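Just below is one structure, and these are the notes that go with it.
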Amino acid sequence: MPRGKFITLEGGEGVGKTTNLAFIENYLKLHNIPVSVTREPGGTALAEKIRKLLLDKDSEAISEHAELLMVFAARAQHIKHVIEPTLANGTWVLCDRFTDATYAYQGGGRNMKNSTIEWLENLVQGILRPDLTLLLDAPVEIGLERAKLRSNLDRFESEKINFFEQVRRAYLLQAELHPNRIKVIKANQALIDVENELINVIGNFLR
Ligand code: T5A
């Protein structure tokens with residue numbers, strides 16, 4: 001049984017990841033590809049508990065190092081108990097955020113060194129990297145407006161605008177560093193146009 005492919009969906013707050021996840025899942029299923037959808041931080045019972053702690057805006061101030069280690073602790077659980085067994089079983093994994101989010105939020109947003117993140121990435125993931133990453137990109141104000149309409153703001157969403165500008169820049173830098181893996185999708189257009197761009201990129205990947 002061939003190993004499944006690992007696809008990740010990335011982008012700043014409110015760019016439409018959750019909205020487009022279901023669309024991508026259906027598109028893959030239409031092509032008879034077995035796919036399992038998951039998310040980060042989260043994906044296992046323990047990792048979901050860590051997610052809750054990370055997003056709680058009423059928690060005590062979380063240090064940058066604690067935040068980084070919590071993200072990777074959740075990821076270690078997720079990889080061992082969900083991602084690796086699913087891929088080994090021949091099922092594709094479609095994940096809402098992965099380590100590019102760490103480079104964007106903890107690296108870009110919190111100014112943690114990329115070399116530190118890379119060290120943890122190698123420790124926790126070994127050789128595991130996504131086969132394809134879809135980066136939804138939109139001006140920060142648009143994503144935040146959408147996020148505000150949707151629900152109460154969490155601990156990350158309560159950050160200042162400069163934080164999100166740094167997150168966006170770090171994401172785009174990741175795309176420049178990994179042009180074969182990371183495909184940038186324009187997210188500030190009508191949903192149907194976002195979907196068409198996704199079909200284009202995923203169609204090329206399937207071929
Ligand atoms: N985090 C995560 C780290 O700091 N480090 C890490 O390593 C990882 C993995 C997780 C948080 O954790 C941080 C980053 C995050 O802050 P999350 O829930 O995964 O949080 O991320 P959010 O960005 O908060 O997710 P959201 O659900 O807010 O945003 P989405 O999923 O991008 O947006 P979505 O699909 O919910 O859409 C928002 C609204 O916009 C509308 C939708 O209908 C919805 O109402 N919309 C559109 N409207 C018009 N045109 C379009 N094209 C639209 N697309 C969507």
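When a ligand or atom number is given, it counts from 1 through the structure's own listing order. Please read these numbers as outputs of a predicted model, since none were measured by experiment.
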### Query
Within the side chain of Thr44, is there an N or O that forms a donor-acceptor pair under 3.5 Å with the backbone of Ala47?
yes

### Query
Side chain or backbone of Arg97 under 4.0 Å from ligand 1, or both, or neither, by non-hydrogen atoms?
side chain

### Message
Quick check for you: to the nearest 0.5 Å, what is the distance between Met70 atom CE and Gln106 atom CD?
### Response
10.5 Å

### Task
Please say whether Gly16 places an N or O atom under 3.5 Å from an N or O atom belonging to ligand 1.
yes

### Atoms of ligand 1 close to Leu191 [distance to a heavy atom under 4.0 angstrom, numbered from 1]
52 (N), 54 (N)

### Message
Regarding ligand 1, does Asp96 bring an N or O atom to under 3.5 Å of one of the ligand's N or O atoms?
### Response
no

### Message
As an exercise, state the distance from OG1 of Thr18 to CG of Leu9, rounded to the nearest 0.5 Å.
### Response
8.0 Å

### Task
Pick whichever of Leu136, Thr19, Leu54 has a heavy atom sitting closest to atom 44 (C) of ligand 1.
Thr19

### Query
Going by distance only, is there an N or O of Val15 that falls short of 3.5 Å from an N or O of ligand 1?
yes

### Message
Using modelled atom types and a 3.5 Å cut-off, is there a donor and acceptor pairing between side-chain atoms of Glu159 and backbone atoms of Phe164?
### Response
no

#### Entry: Trace of the side chain to side chain contact (heavy atoms under 4.5 Å, CB included) decision for Ile7 with Leu28
CA-CA 11 Å; Ile7 301 182; Leu28 292 174; 4.3 Å; yes

### Query
Purely on distance, is any nitrogen or oxygen of Asp154 under 3.5 Å from one on ligand 1?
no

### Between Gln166 and Asn162: side-chain donor-acceptor atoms closer than 3.5 Å
yes

### Task
Could you see which bit of Glu157 sits under 4.0 Å from ligand 1, with heavy atoms only: side chain, backbone, both or neither?
side chain

### Task
Of the side chain and backbone of Gln189, name the one, both, or neither that has a heavy atom under 4.0 Å from an atom of ligand 1.
backbone

### Task
Not counting sequence neighbours, which residues clear ring pair (Phe, Tyr, Trp, His ring centres under 6.0 Å) with Tyr103? List them please.
none

### Message
Using only atom types and a distance under 3.5 Å, with no angle test, would you say the side chain of Glu157 pairs donor to acceptor with the backbone of Asp154?
### Response
yes

### Atoms in ligand 1 with a heavy atom of Gln106 nearer than 4.0 Å
3 (C), 4 (O), 5 (N), 6 (C), 7 (O)

### Query
Should one rank Pro41, Ala187, Gly109, Gly11 by closest heavy-atom distance to atom 2 (C) of ligand 1, which comes out on top?
Pro41

### Message
Please work out, at 4.0 Å between heavy atoms, whether the side chain, the backbone, both, or neither of Thr102 comes within that distance of ligand 1.
### Response
both

### Summary
Applying ring pair (Phe, Tyr, Trp, His ring centres under 6.0 Å) to Phe72 and not counting sequence neighbours gives none

### Query
Just going by heavy-atom distances, which of Phe156, Tyr103, Phe98 is nearest to atom 13 (C) of ligand 1?
Phe156

### Query
Which atoms of ligand 1 are found less than 4.0 Å from any heavy atom of Ala101?
5 (N), 6 (C), 7 (O), 8 (C), 9 (C)

### Task
Give yes if a backbone or side-chain nitrogen or oxygen of Gly14 is under 3.5 Å from a nitrogen or oxygen of ligand 1, and no if not.
yes

### 4.0 Å heavy-atom contact, Leu149 with ligand 1
no

### Summary
The atoms of ligand 1 lying under 4.0 Å from a heavy atom of Arg75, numbered in the order shown, are 7 (O), 9 (C)

### Task
Report, in ascending order of atom number, the atoms of ligand 1 lying under 4.0 Å from any heavy atom of Glu40.
9 (C)

#### Entry: Atom indices of ligand 1 within 4.0 angstrom of Gly12 heavy atoms, with elements
23 (O)

### Atoms of ligand 1 close to Arg51 [distance to a heavy atom under 4.0 angstrom, numbered from 1]
17 (P), 18 (O), 19 (O), 20 (O)

### Task
Under 4.0 Å from a heavy atom of Val71: give me the atoms of ligand 1 that qualify, with their elements.
5 (N), 6 (C), 7 (O)

### Query
Between Leu55 and ligand 1, which part of the residue brings a heavy atom under 4.0 Å of the ligand: side chain, backbone, both or neither?
side chain

### Task
Kindly assign one of parallel, tilted or perpendicular to the pair Tyr27 and Phe23, based on the angle between their ring planes and the thresholds 30° and 60°.
parallel

